Amino acid sequence: MGYSYDPENIFAKILRGDIPNDTVLETEHSLAFRDLYPQAPVHVLVIPKGPYVSYDHFAQEATEAEIVDFTRAIGKVCALEGVDSHGEGCRFISNAGSHGVQEVPHLHVHVLGGRPLGRMLPPA
Ligand code: AMP
């Protein structure tokens, strides 16, 4: 069974302009906006404009132009927000599927920074 994209998910609505967002960056194939419930001083979500459920979906099926644009958008967000790893750094998180506890089924990379973020995962 393949990937199934739900066009009624909240990020699809943001992309259609049906609900507002606090945009940090927009490129040809990507959009970056602030998380509504920030968990760190910097908490930006970077999403592709295309209908991809998760990072694995995107990595398997996106065009090279989309992949380059999305990757560069993440880099630009780090520079814009001052969280590059030549400074104090940040964390990139992309939850996928049920084990990954993904809430919104449209690929997003969380860019988190502006404070020490602790270890990657809590103890099991
Ligand atoms: P995840 O659990 O990885 O799917 O993360 C979904 C993220 O989307 C959460 O951090 C939410 O706070 C965030 N979120 C949900 N709705 C919105 C919205 N309308 N604008 C910005 N961020 C949102």
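One is the number of the first residue; the rest follow in order along the sequence. Read the numbers this way: they start at 1 and go in the same order the structure lists the ligands and their atoms. Predicted model, so just to flag it, every value in this text is computed and none were measured.
Crowding of E61 atom CD: a count of heavy atoms from other residues, nucleotides or ligands under 6.0 Å exceeding 12. Counting heavy atoms of neighbouring residues, nucleotides and ligands inside a 6.0 Å radius, atom CD of E64 does not exceed 12 of them. Around the CZ atom of R72, the shell of radius 6.0 Å holds no more than 12 heavy atoms that belong to other residues, nucleotides or ligands.
Note on Y55: it clusters hydrophobically with V111, by side-chain heavy-atom contacts below 4.5 Å among ILVMFWY residues.
Considering both main-chain and side-chain atoms, H43 never comes within under 3.5 Å of ligand 1 through any nitrogen or oxygen pair. Among the atoms of E103, some N or O lies under 3.5 angstrom from an N or O of ligand 1. Polar contact check, I19 against ligand 1: no nitrogen or oxygen pair lies under 3.5 Å apart. An N or O contact shorter than 3.5 Å is missing between I14 and ligand 1 by distance.
Using a 4.0 angstrom heavy-atom cutoff, N21 does not count as in contact with ligand 1. The shell of residues lying under 4.0 angstrom from ligand 1, judged by heavy atoms, includes V101.
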- request: Report the C-alpha distance between D18 and K13 in whole Å, list the side-chain angles of each, state the deciding distance to 0.1 Å, and finish with yes or no for salt bridge (Lys or Arg N to Asp or Glu O under 4.0 Å).
  value: CA-CA 5 Å; D18 293 347; K13 290 179 179 170; over 6 Å; no
- request: Determine, stepwise, if the pair F11 / L31 fulfils side-chain contact (heavy atoms from CB on, under 4.5 Å).
  value: CA-CA 10 Å; F11 294 169; L31 180 69; over 6 Å; no
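The single protein non-hydrogen atom nearest to atom 22 (N) of ligand 1 is L36 N, 3.1 Å, given as residue, atom name and distance. Here the protein heavy atom with the shortest distance to atom 15 (C) of ligand 1 is F11 CE2, 4.4 Å. The closest protein non-hydrogen atom to atom 1 (P) of ligand 1 is H108 NE2, 3.1 Å. The closest protein non-hydrogen atom to atom 10 (O) of ligand 1 is D35 OD2, 2.5 Å.
Within ligand 1, counting atoms from 1 as listed, the ones closer than 4.0 Å to a heavy atom of R34 are 21 (C). Taking every heavy atom of H110 and a limit of under 4.0 angstrom, the matching atoms of ligand 1 come to 1 (P), 3 (O), 5 (O), 7 (C), 10 (O). Close approach of ligand 1 to Q102 (heavy-atom distance below 4.0 Å) involves ligand atoms 4 (O). For ligand 1, the atoms closer than 4.0 angstrom to any heavy atom of F33 are 21 (C). With ligand atoms numbered from 1 in the order given, ligand 1 contributes 1 (P), 2 (O), 3 (O) to contacts under 4.0 Å with heavy atoms of N95.
Side-chain N/O atoms of Y5 and H106 include a donor and acceptor closer than 3.5 Å.
Within the 4.5 Å cutoff, no side-chain heavy atoms of L45 are placed close to those of V104.
If you run side-chain hydrogen bond (donor to acceptor under 3.5 Å, both in side chains) between Y52 and each of Q60, E66, H57, only E66 comes through.
Smallest separation of non-hydrogen atoms from Q102 and S54: OE1-CB, 4.2 Å.
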